[in-house]
Amino acid sequence: MAIRVFSLLIALLLFASPIVQVAKCQSDEDVAATEVIEGSNLGIVGDDTQVFGDGTLGPAPGIDTVCVFPKNSARLVPAGEETELLVGLHNEGESTLEVVAIRASLHLPFDHHMFVQNLTLQEFYNASVPVSAQATFPYVFAVSKYLQPGSFDLVGTIVYEIDQQPYQSIFYNGTIEVVEAGGFLSIESVFLVTLGVALIGFLGLWAYGQIQLFSKKTKRSPKVEVGTGTTDANMDEWLEGTAYAQSLSSKSKKKK
C-alpha cells in the first residue's frame, strides 16, 4: 500500500512540474516586461496587457501582409533570446492607415486553444502607410527560457486604424522551432554524437581484433609428420633385395 501511495505522489509531481514551469516563466516574463516599461520609451508593453479590442477585429479590405524571418529561413527560435521578424504591409485600400501595434502568441501545434505564451506587444507611434504604398515593420520577441525545445505555432497580428476605425490582420500563423540557447549543439545532440563516436570506436576495435586473428592463422606453417622407426623398418624390409638397397649397402661400406 505504501508503495502505491509513493508511486501516485511521484506521478502527481511529474504531471504538475510543467504547470509550475509555465507559471514561473510567465511571472519572470512579467517582471522583465515591467522593467522595459519603466526604463524605455520604445513602445513595448507587458506580455499580458490587452489594450486593443476584444479579439473580434477583422482585416480591412485591400490590406495585404507578409512575414519574413531575416537570415533565419528555418524559423529557429532560441529559448530566452530575442528573435526578430519583419512584417510587410501593403495598402491597396482607399485611405491611409495608421499602424498601432504588433502582437503575437504561442500555441501548441495540434490545438490553438492550448495557449503557451503571450509574447511582447510592441506599439508604434506615427507609423502610417499611404494608399498604394508598402512598408516594413520590425517585431522583436523572445519565448520563455523555461520553454522546452520543440515545435510550436506562432500567431502574429498587426493592429492598425483607418479613419479611426481599428482593424487587425494576421501576418503569420505557422510553426516555429524552439531550440536551446547558448550554442549550436544541444544536450541531445552531444549525447547522440558521443554515442556515435563510442559505437564507431567499438566497431574499430572489433575489426582490428578480427584482422589480427586472421593474420595469426595465415602465418602458422603446416606441420609435417615424420615417419616413426617402425615405418622405417618396414620400408627397409620392403626394399630388401632390390637394386636400391644394394646401392645403399655399397655406399655405406665405402664410407667405413
Carefully, step by step, assess Val140 and Thr120 under the rule side-chain contact (heavy atoms from CB on, under 4.5 Å). CA-CA 8 Å; Val140 180; Thr120 303; over 6 Å; no
Between Asn91 and Ala133 (side chain of the first, backbone of the second, donor and acceptor by atom type, cut-off under 3.5 Å), is there such a pair? no
Examine distances only and state if a side-chain atom of Asp111 and a backbone atom of His113 form a donor-acceptor pair shorter than 3.5 Å. yes
Using the ring-ring contact (aromatic ring centres under 6.0 Å, His included) criterion, which residues pair with Phe152? Sequence neighbours excluded. none
Should Leu154 and Leu85 be marked as a side-chain contact (heavy atoms from CB on, under 4.5 Å) after you check the CA-CA gap, both sets of side-chain angles, and the distance that decides it? CA-CA 12 Å; Leu154 176 69; Leu85 58 82; 4.2 Å; yes
Atom of [X], atom of [Y] and distance for their closest heavy-atom approach:
{"X": "Ser169", "Y": "Ile63", "result": "OG-CG2, 4.4 Å"}
{"X": "Ile102", "Y": "Phe171", "result": "CG2-CE2, 3.6 Å"}
{"X": "Val178", "Y": "Gln148", "result": "CG1-O, 4.3 Å"}
{"X": "Ile162", "Y": "Ser95", "result": "CG2-CB, 3.7 Å"}
{"X": "Ala142", "Y": "Leu119", "result": "O-CD2, 3.8 Å"}

Decide yes or no for Glu81 and Lys145: does some side-chain heavy atom of the first lie under 4.5 Å from some side-chain heavy atom of the second? no
For the residue pair Ser144 / Gln117, report whether a side-chain donor-acceptor contact shorter than 3.5 Å exists. no
Would you say the side chains of Thr175 and Asp153 form a donor-acceptor pair under 3.5 Å? yes
For the residue pair Tyr167 and Tyr160, categorise the inter-ring angle as parallel (less than 30°), tilted (30 to 60°) or perpendicular (more than 60°). parallel
Go through Phe69 and Tyr172 one step at a time and tell me if the ring pair (Phe, Tyr, Trp, His ring centres under 6.0 Å) criterion holds. CA-CA 11 Å; Phe69 287 78; Tyr172 186 79; 5.6 Å; yes
Would the number of heavy atoms belonging to other residues, nucleotides or ligands and lying under 6.0 Å from [atom1] of [X] be above 12?
{"X": "Ile170", "atom1": "CD1", "answer": "no"}
{"X": "Glu94", "atom1": "CD", "answer": "no"}
{"X": "Glu82", "atom1": "CD", "answer": "no"}

